[in-house]
Amino acid sequence: MNNSLVRLVSELRVRLGSGVTASCSALGADSCELRLQNPVAAGEAVDIVLKTPLGRSLRFAAVPGEAATRDGDSRVRQLFTLVKGDGATRDALDGLLTQLRKDGHLELCLNEDVESRRGAGFVDVHLPHHSLPDLDGDAVSTDARLLGKPIRLPLVITGMTGGTARGGEFNLALAAVAQRTGLA
């Protein structure tokens with residue numbers, strides 16, 4: 001399969017011009033893989049209407065390729081080559097691919113082992129222990145200012161989840177934590 005295909009976190013609903021419904025299991029800038037009951041005969045381009053995660057519809061033409069049956073599934077996987085559409089269609093498809101890729105990153109972090117095998121980058125950092133028994137812990141302040149705003153600890157939550165509705169939900173949760181704890 002084409003390496004530019006993006007595996008979808010949740011399959012998108014597809015309707016072919018003939019009224020046949022299918023699900024899109026992978027999508028790329030030049031092709032898509034559909035799962036349907038019966039393969040579409042090779043030849044003429046077919047109209048495809050793709051329902052996006054935001055409920056909009058994206059319409060484009062595609063030429064069906066060979067079909068292959070997936071093990072343990074009665075549906076057929078079939079690769080379609082997208083016919084280059086107008087600029088608005090291409091822009092909409094690019095936007096959808098970006099959204100799916102970003103949501104895929106979130107899904108990967110939630111469900112896969114993505115931690116570095118070497119730790120968080122501090123494996124080679126060794127801090128010597130210097131006890132301070134005469135220090136009053138309550139007298140130590142970790143308060144700081146960042147961009148003129150007070151923070152309780154010199155730590156910053158950095159966002160990397162923007163660009164999609166699901167990413168926005170994560171960022172909202174991170175903002176609530178920052179507000180409660182006094183972090184930036």
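These numbers come from the heavy atoms of this one structure, side chains and all, not from hydrogens, waters or symmetry mates.
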Atom pair CG/CG of Leu108 and Asp113 - distance to nearest 0.5 Å | 10.0 Å

Fellow cluster residues of Val63, listed by chain then number, with links counted only when side-chain atoms sit under 4.5 Å apart = Val83

Under the salt bridge (charged side-chain N to carboxylate O under 4.0 Å, His left out) test, which residues partner Asp134, sequence neighbours left out?
-> none

Nearest 0.5 Å, what's the CZ-CG distance between Arg166 and Leu110?
-> 5.5 Å

Sequence neighbours excluded, every pair satisfying side-chain hydrogen bond (donor to acceptor under 3.5 Å, both in side chains) that has a member inside residues 36-54 = Lys51-Ser57

Which side-chain hydrogen bond (donor to acceptor under 3.5 Å, both in side chains) pairs, counting each pair once, include a residue from residues 15-29, with sequence neighbours left out?
-> Glu11-Ser23, Ser23-Arg75, Ser25-Glu33

Check the hydrophobic clustering (I, L, V, M, F, W, Y; side-chain heavy atoms under 4.5 Å; chains of links allowed) and say if Leu58 and Leu16 are grouped together.
-> yes

Got Leu50 and Leu27 here, is their nearest side-chain heavy-atom distance under 4.5 Å?
-> yes

Between Val49 and Val46, is there a shared hydrophobic cluster once you connect ILVMFWY residues whose side-chain heavy atoms come closer than 4.5 Å?
-> no

Donor-acceptor pairs are to be reported for all side-chain atoms of residues 146-156 against protein atoms at under 3.5 Å, with residues two or more places apart or in another chain.
from: Arg152; atom 1: NH1; to: Arg180; atom 2: O; distance (Å): 3.1
from: Arg152; atom 1: NH1; to: Thr181; atom 2: O; distance (Å): 3.1

Below 3.5 Å, can you tabulate the donor-acceptor pairs from side chains in residues 91-99 to any protein atom, sequence neighbours excluded?
from: Thr98; atom 1: OG1; to: Asp94; atom 2: O; distance (Å): 3.0

Of all heavy-atom pairs linking Leu82 and Cys32, the shortest is CD2-SG, 4.0 Å

